[in-house]
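Notes follow the structure.
Below, read A as the first sequence line, B as the second, and so on, with proteins coming before strands; counting in each chain starts at 1.
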Number of protein chains: 2
Amino acid sequence: MAATQTLPRTARAQDVAEAAGVSTATVSRAFNTPAKVAPAVRDRVFAAAAILGWLPHAAGSALARRRTSIAGVVIPTLGQEVFATQVEAMQAAFAEHDITLLIGCSNYDPDQAAQQVRTMLARGVDALAVLGQIPQAGLFEVVQARRVPFVITYGSAPGSTHPCVGFDNATAFSEITRYLLALGHQIFGMILPPTLHNERIVARLAGVRSALADEGLGLRPQHIFEGEYGILAGRKALRQILGANGPRPTAIICGNDLLAIGALFEARTMGLVVPRDLSITGFDDISMAGEIDPALTTMKVNNVEIGRLAVEYLVSQLCGEAAPSEVLILPALVERSTTAPPPK
Amino acid sequence: MAATQTLPRTARAQDVAEAAGVSTATVSRAFNTPAKVAPAVRDRVFAAAAILGWLPHAAGSALARRRTSIAGVVIPTLGQEVFATQVEAMQAAFAEHDITLLIGCSNYDPDQAAQQVRTMLARGVDALAVLGQIPQAGLFEVVQARRVPFVITYGSAPGSTHPCVGFDNATAFSEITRYLLALGHQIFGMILPPTLHNERIVARLAGVRSALADEGLGLRPQHIFEGEYGILAGRKALRQILGANGPRPTAIICGNDLLAIGALFEARTMGLVVPRDLSITGFDDISMAGEIDPALTTMKVNNVEIGRLAVEYLVSQLCGEAAPSEVLILPALVERSTTAPPPK
DNA sequence: TATTTTAATGAAAGCGCTTGCATCGGCAGA
DNA sequence: TCTGCCGATGCAAGCGCTTTCATTAAAATA
């Protein structure tokens, strides 16, 4: 029979301290505030730690420090380039502050989002970013009660009570509408992702309507298509809109680039030449937008910037600094080759 | 002057215990093993917790339990659909086990990847998945020393010493090559992402070569293009390959779908009709692949499955169960409309 | 040389939670 | 009515680290 064998626990600060002939206090200092430790001692500690393969155990230090150095972000899905980009930017920005990022996906479901937020709070995140909007009434209060710095990204309802970094969806879509109006378009179609639980999309529609109204124009119901995401949805939408009774739109405003690309593909399938016969605009400026042919006219949303600014805000909160609770970035029109004046 | 004000700390188990008139032990049990607590008491505890807005503090419980319920995943970037999909699948699968996911991006840099792994270990992750390959010699030993369940995903060098779930890149590319050979192609071009630090890509090239060699064929150097990722790279590559001296390839095998889409676009620009004049294949089957026109023939890699299986493996390790240390999935040929017999 | 200042270190008290062990009633069986 | 047993609970000892405070040694000053 094998003798009772104490399996070699993973090393603790205590072990390193003994190996280096110092106290745990010194071990801790050697790693966290090396300047406070004599070089010779420091080297001994590092050497001992290396031999034992010791890394400070986060739970212990989180407990003692009252912070975990972990931040959380909740997004609808990683499957959309826009969101993935933003998360990646956050991860990089947080890394500079030695903060690691916990992610949660909500699949566009407010309940799942709320659950994710709660889970993250329980994990003790030091800061929290939620993409889009606060998922449930009352949840914000829970976050506040825990004193966890918090920010909404991407969307921004002007005058929202929550700190946010993003852009004004309505304004952006008004801008793109005015651009098309300036080209001479009068009849518009609009293709949208699902508006359910998604205030951003609702705002986009409102933005288009408002710019049109300024010119005494409007959007006919049969020229509005609300459906799923993606290229296929864009194709289907275009077919349906152009097949509707009455005068045909000469410009199609799409709620995002993927829908626009779908519309573009379908236009070609239908024998239309873009932009001669039909103008199409996207939104987001995903990487494909500039690479397809004809290249898509769209609005660039700098998601890297959003991610970076959101982290900047959260970190400044963490440091107890004051910071503006609403920071807006401006989407920029990227005029490429899918827009032109309407056919005569 | 305001009196010295003790700011209301966030509640602890102690506070809940007092409010409910029980001990902290009971509070803990009420949340973790409700069956062990009398219903009436349990309700009192829950009520008190709700009023105080208490959630168990993860650091404390991690310390006591010796586990954090956090897993880590390190990937090159979230910007590629393939990786993002896998991460999302992992997040969902881990969530079923109440494990939250920490992510780190390496930007294809082995040093950054190694750093991310170390950071995650320091954060006390219970399990770790690394996409692609182990970034540095020696790192695996550190992970092992910490007894953290570990898995490599996506890539799989057959006979690798590390547990992995993925597929055999060489075999997959041999398969697609044989498919094209069967269609009658004899001269092949290949477009690849950068091979530097990326054994998977090297394996893909090897797979193509080996299938060709079986038929006594080979790949001419001027028909191999290694460049960046993306559609633009695909365009440039096709132009270069078709512009080379000597006989033209009739089939282009691309290392991923984006390159293939680029090649496809460029072929159209050059006035070639795909697949009549040229066959093009992709790899991964990203969502676009089936939605462009002509739809791309490619190989589908089920990344959701990979993510799920990886989590399954890690969780079983966590539970001390035995599990096969190498699980392979089979990429499947998806025959669509960019391949046909070569022109006469 | 005597005294003050400064730097380096150790001792020890937590941080908030879990859990083995002891305790205490109450209930079933004798 | 008494003994045993069992379910429900509390006590208290950690989990591994940080950090204040005290202590000591060394350096700077008088």
Measure from [atom1] on [X] to [atom2] on [N] and round the result to the nearest Å.
X: B/Asp15; N: C/dC17; atom1: CG; atom2: P; value: 9 Å
X: B/Gln14; N: D/dG10; atom1: CD; atom2: P; value: 12 Å
X: B/Arg66; N: D/dC17; atom1: CZ; atom2: P; value: 12 Å
X: B/Arg44; N: D/dA8; atom1: CZ; atom2: P; value: 14 Å

Aromatic ring pairing A/Phe140/A/Phe150, orientation class (parallel under 30°, perpendicular over 60°, tilted between):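 Aromatic pair A/Phe140/A/Phe150 classed tilted.
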Side-chain H-bond candidate by donor/acceptor type, A/Gln14 with A/Glu18, under 3.5 Å: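 Per modelled atom types, A/Gln14 and A/Glu18 side chains form a pair under 3.5 Å.
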Interface with DNA chain C, restricted to [range] and to heavy atoms under 4.0 Å:
range: residues 17-25 of chain B; result: B/Thr24, B/Ala25
range: residues 29-42 of chain A; result: A/Arg29, A/Val37, A/Ala38, A/Val41
range: residues 51-65 of chain A; result: A/Leu63, A/Ala64

Considering only heavy atoms from C-beta outward, does the side chain of [X] approach that of [Y] to under 4.5 Å?
X: A/Phe83; Y: A/Thr77; value: yes
X: B/Leu139; Y: B/Arg118; value: yes
X: B/Val82; Y: B/Tyr154; value: yes
X: A/Ile99; Y: A/Leu318; value: yes
X: B/Glu88; Y: A/Asn107; value: yes

Residues A/Phe31, A/Trp54; criterion ring-ring contact (aromatic ring centres under 6.0 Å, His included); working and verdict: CA-CA 11 Å; A/Phe31 276 79; A/Trp54 181 79; 5.1 Å; yes
side-chain contact (heavy atoms from CB on, under 4.5 Å) between B/Leu101 and B/Val73, worked out: CA-CA 7 Å; B/Leu101 194 60; B/Val73 58; 3.8 Å; yes
For B/Leu55 against A/Arg146, the heavy-atom pair lying closest together: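 Distance-wise, the nearest heavy atoms are O-NH2, 2.8 Å.
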Over all atoms of both residues, closest heavy-atom pair of B/Ala71 and B/Val125: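 Heavy atoms only, the tightest pair is C-CG1, 3.9 Å.
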Sugar-phosphate, base or nothing in reach of A/Ser28, heavy atoms under 4.0 Å: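 If one applies the 4.0 Å heavy-atom cut-off, A/Ser28 turns out to touch a base.
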